[in-house]
Amino acid sequence: MPTVSVKWQKEMFPAVEIDTSQPPYVFKCQLYDLTGVPPERQKIMVKGGLLKDDADWSTLGVKEGQKLMMMGTADEIVKAPEKGPVFVEDLPEEEQVVNLGHTAGLFNLGNTCYMNSTIQCLHSVPELKSALIKYPQSGRSNDLDQSSHLLTVATRDLFNELDRNVKPVAPMQFWMVLRKKYPQFGQLHNGSFMQQDAEECWTQLLYTLSQSLRSSSSSENLDTVKALFGIELVSRVHCEESSEESSEAESVYALKCHISHEVNHLHEGLKHGLKSELEKASPSLGRSAIYLKDSRINGLPRFLTIQFVRFFWKRESNQKAKILRKVDYPLELDVYDLCSDDLRKKLDAPRQILRDEEGRKLGLKTNEKSAGSVDTDIKMLDAEGSSNGVGESSKAISQEGVLHDKGMHLTGLYNLVAVLTHKGRSADSGHYVAWVKQESGKWIQYDDDNPIPQREEDITKLSGGGDWHMAYICMYKARVIPM
Amino acid sequence: MVPVHQIVAFYMKHNAEPEAVDLLTEVEDIDTLLEHVDSSNYRRMCLYLTTVARYLPDIDAYFLNVAYKTYLEFEEYPSALRIALFLDGLENWEDIFMFCDDLLRRKQLCYILARHGVHIELKKGDVADDVDRLVLQDIINNAKLSEGYLTLARDVDVMDPKSPEDVYKAYLLYGRANAGASFDSARENLAATFVNAFVNAGFGQDMLMTVPSEASSGGSSGNWLFKHKEHAKISAAASLGMIRLWDVDSGLAQIEKYLHSNDNHVIAGALLGVGIVNCSIKHFCEPALGLLGDYIDKEDSTIRIGAIMGLGLAYAGTQNEHVRRTLIPILEDEKAPLDVIAFTAISLGLVFVGSCNVGIADIIVDALSDPSRSALGEPLIRLLLLGLCLLYLGKKDDVDSTGAAKVGFNQKIKKYYDITLLSCAYAGTGDVLKVQHLMGQCEQHLSRDAIHQGAAVLGLAMVAMAEDLGLEMELRSMEHLLQYGEQNIRKAVPLALGLLCISNPKVKVIDTLSRLSHDTDIEVIMSAIIALGLIGAGTNNARIAVMLRGLSSYYCREANLLFCVRIAQGLVHLGKGLLTLAPYHSEHLLLSRTAMAGIITLLHACLDMEATILGKYHYVLYFLVLAMQPRMLMTVDENLKPLLVPVRVGQAVDVVGKAGQPKTITGFQTQLTPVILAAGDRAELATKKYIPLSPILEGFVILKENPDYRDDH
């Protein structure tokens, strides 16, 4: 009957007797008394091996005073939880998008960054998305040509795909249809597609969409694109020599920011862009004369597009040269002083309310801290607030037509939501990138297939003056308030 | 020859030992030195001899023998042991033990043996007294390693567990999408597991796996474990072994209950964890063999791999006969799947590292010659070959005499094998000719198919990392390889840099790797990121930490790259900055073979990351555990209890061949032990009250009271 010492975790049980005539199971029961570990959970180390229940003590050669080690715990055995966790990797792609907070990038199909960045900027307009969703697949109205219809369908499908995917999307179909509709984008140079001007792509695409979307929703006979992007201008055309004066009205999709030596800020450029000189035949003088055209905004859109006129045609080198001048632009833009008197009158009231509201907010902080409760009789809604998610934005679009009489009023104030930048020395070369504010308020730089998070303060640094990306097209979203 | 002897005698008397050595080198009569040594000049002479031997690849043994004999003569047993270990002359240690009959000194010798990873069974003949023998054996078995490490941790106050978030410091990043709170990402969780395991290695507690183990058993830890998918559970369960590293008694108790799980992956992980806990520790009951042995022949191959790799880690460098007998049948089994075979080969390579065991080599070759297994497209073949090569690690010319080198592999495998074998055999020798040979392999512009070039680049680092001069030159030539090399070479260069400067973050190398982490080739990027982790391993280097944090936001969309960044972040904070991965110790003289083997196994696996750490063999990362050692100086008294004494810690100065008694450190600070030593740091006692028993103040050092010391106050 040798006695051994047994080590269990940090404890030591000296002098445990082994009855070598009994099977080891008996020994295990002895240890059960000492440690509380049931015999079937015990693992006893006899130098280099485990002690089996039916082993023969004589063959094991246990010596007097030998140290044995016992392992095992009375703990509960670890069990897998009933319900396994859900992993992001297993989710369908749509849900991953929600998780991610921004949509997918677009593959570059060979110098198509101008197209990708244009799509990414327009894709950030929820109202446009929902208008496209309503666009019928087959019901093409007669006044629309086949290629425009296809382009609209392709845009709709591409927007859908961007929303559904986490991984980058290849805009094959769209690219093909775009080239079909506008063959100039299919130009080849040395066997590959040429780089194009993003502004041209933007304008053409919007034009097509305005055509197709108008004709489709004929019941309301409302031009969605025009309601979203159209800017009404009234111009006074004035001739110095003959003091003739006339006025004309027009509608454009983008304001131009002219860049000259005096222009340092977007605002100055816009003012500049609204004034122009033109030469035309004067009926009173009987010859052509210089006319001054002075335009003002008479109607504001939900989305104000501003194009920096950075490119001009250089006759000597036969290419579009670029103005690198730094032109600052704000995150919040006020176009009040560019508006006509009629429009200003309309804007005055909402602006007053907005000012009061903000004043009160500030006042609250200083004076009414003790009051505690916030007076919320007038809720100020940011434009972003009304469009959380696609589902809600479709509601927004249905209100779109009645926006003005239903109490949502424009204030002439705009927030920056997308910037399309260009890097490089001429319009037909270099690289285009879209910087888009997400619904979460985060900025994402869409560099083709690669979305990169950015800081808001870095967005205003894209103002030019070097070889870094510089803003080419800016899109602002209107701030509206209910009344 | 008479004038030579006269000149040497003169030199030796007048503090010009280097000149004397140089002269005798010229006339090839270095043994003559022994006639002229005395107690005033032997230290300088031996220092010069050991240093100069590094640059004389063929005759270094003669030089070192002279130093060895001198040290023995002057009773500098620790120094003699260092040289014996450097010469790979394990048979010499018995001589040293014979000469050195002082128990305290013997204890110090055992500490050195333990740090080097040498496992020796003391016999009755060596140490007469049973109690003493047990104490000495305990030291060699590293039984108190965990205790010492935790003492250090308590002293520097880092016992509180750290969560992966504490390491990521995501709140310092802008624009980082943290919307993923609602769902777990399996990839992120696996990364968090590794980070958690590395950061809390050896501390015994963490925030994920062990949290309220006493509250409701398997509560939180079970939950975290099951937040992994399939094979990821292996690494998760094994991470428990990392957390309990070196603490065999309570570690095994905690892991053991996972062996009763009904999930094969969990069992495999627990088996691997058992191996990790036992890594570099030898327990009197051999629990690793007992526990793992039963699972080797299981049906499920994941369980088998877990057990096999566990055995490899637990018995690395021991040349244990039981392990051999357990593992060999797997290699002979023709039906065994390739991954089981590969891990068996690696484990055998680790256990018999540097043993030149022909029997094992032949069996691995047989397993390899099976035509169905010899397609090198399979990334695991690399591991098989490496397992074979590890048998010859550091054996230099002994390779040529064995038959293993003459095997009829197909061309592609043969090349890879030749290069790997060469680089393993000369690993840590600094042999310039081999460096040149390997460099020659890299200069050809070959297709992606020529994977042997990657191995050659790693080989360059393995050979050249031996001493500082060669290392600097190698860093420079890596730059050329980057410029002119093909993709196969470029992707291996960051890994080679990581090996050259492992746990030694040189600013120049950080910059190079930082540049490569934005390369156009994704494989180069991944290697560079992992290498950043390796060079910063266990240093808490702020520069690398910031860099990796930046990378984590830059690559937040790339799951694979992000995973690499996380691993690197975990490595940088390895053991909360108390551990090192450097295989060299004892002032960069001795190379621990098991540590080296662990690192190069991981690096070879990293040559094909897609298939290994990014695939389902991510647990190869645990091979690093072989190289983990506390980077501490722990002074103990004669009863081996920690003793607090002031020491000066500073940058080591090269004093070889300098006249007079130059200071050995510069820019030092005085601290109380235990202290943490950075790469290139050296410590010296700041008090005359004690005498250290080892000239090198690293790891555990026994202090003896100075009998001549008089307190001034």
Side-chain angles (χ1 to χ4, degrees), chain A residues 7-11 37 40-52 66-81 83-91 95-96 98-102 105 166-168 438 440 442-445 450-458, chain B residues 173-189 213-214 216-219 221-223 225-229 233 237 247-250 252-263 266 270 274 283-287 289-291 293-294 320 322 553-554 556-559:
Chain A
K7 194 167 188 199
W8 180 61
Q9 299 189 10
K10 300 255 173 197
E11 282 177 77
V37 181
E40 58 275 13
R41 292 281 299 276
Q42 290 180 10
K43 286 199 169 73
I44 297 167
M45 294 288 149
V46 185
K47 197 143 181 111
L50 285 176
L51 180 66
K52 301 265 180 347
Q66 189 173 343
K67 265 197 256 178
L68 298 181
M69 186 181 180
M70 198 266 273
M71 264 181 289
T73 46
D75 291 356
E76 206 178 302
I77 293 171
V78 188
K79 273 197 209 80
K83 204 167 117 283
V86 184
F87 296 115
V88 179
E89 284 88 341
D90 299 339
L91 291 179
E95 286 176 55
Q96 286 191 37
V98 179
N99 227 3
L100 208 62
H102 61 83
V166 176
K167 295 199 183 71
Q438 303 298 304
S440 55
K442 283 197 192 85
W443 281 89
I444 300 289
Q445 174 194 357
N450 190 15
I452 307 160
Q454 294 287 344
R455 273 186 294 194
E456 189 157 54
E457 54 262 42
D458 287 342
Chain B
L173 293 170
Y174 63 85
R176 178 86 174 81
N178 49 0
S182 50
F183 291 106
D184 281 302
S185 158
R187 213 32 175 309
E188 273 286 283
N189 282 359
S213 50
E214 63 282 334
S216 62
S217 63
S221 81
N223 280 339
L225 178 61
F226 291 105
K227 276 185 180 168
H228 291 79
K229 275 168 90 173
K233 284 183 213 153
D247 185 1
V248 177
D249 288 332
S250 44
L252 287 185
Q254 202 164 38
I255 298 170
E256 192 265 349
K257 65 175 181 234
Y258 289 94
L259 291 175
H260 298 282
S261 166
N262 51 8
D263 186 328
V266 175
V274 169
H283 195 273
F284 63 91
C285 277
E286 310 260 5
L289 192 58
L291 278 177
D294 275 8
N320 188 305
H322 287 290
S553 95
Y554 188 78
C556 63
R557 298 290 314 281
E558 308 272 345

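In what follows, chains are A, B, ... by sequence order, proteins preceding strands, each numbered from 1. Because only heavy atoms are used, hydrogens play no part in the values below, and waters and symmetry mates are left out as well, while side chains stay in.
Interface residue K229(B): backbone and side-chain heavy atoms are both found under 4.5 Å from chain A. Proximity to chain B (any heavy atom under 4.5 Å) is restricted, for K43(A), to the side chain, taken from C-beta onward. N320(B) does not touch chain A: none of its heavy atoms, backbone or side chain, sits under 4.5 Å away. Within the 4.5 angstrom heavy-atom criterion, only side-chain atoms of L259(B), from C-beta onward, approach chain A.
The structure places SG of C285(B) at 7.5 Å from CD of Q66(A), a figure rounded to the nearest 0.5 Å. From M70(A), atom CE reaches atom CG of L252(B) across 13.0 Å, with rounding to the nearest 0.5 Å.
Side-chain contact between M69(A) and H283(B): present, with at least one pair of heavy atoms (C-beta onward) separated by less than 4.5 Å.
Closest heavy-atom contact between E256(B) and G72(A): OE1-CA, 3.2 Å.
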Query raised in the report: side chain to side chain contact (heavy atoms under 4.5 Å, CB included) between K257(B) and R41(A): does it pass, once the steps are laid out?
Result: CA-CA 9 Å; K257(B) 65 175 181 234; R41(A) 292 281 299 276; 4.1 Å; yes

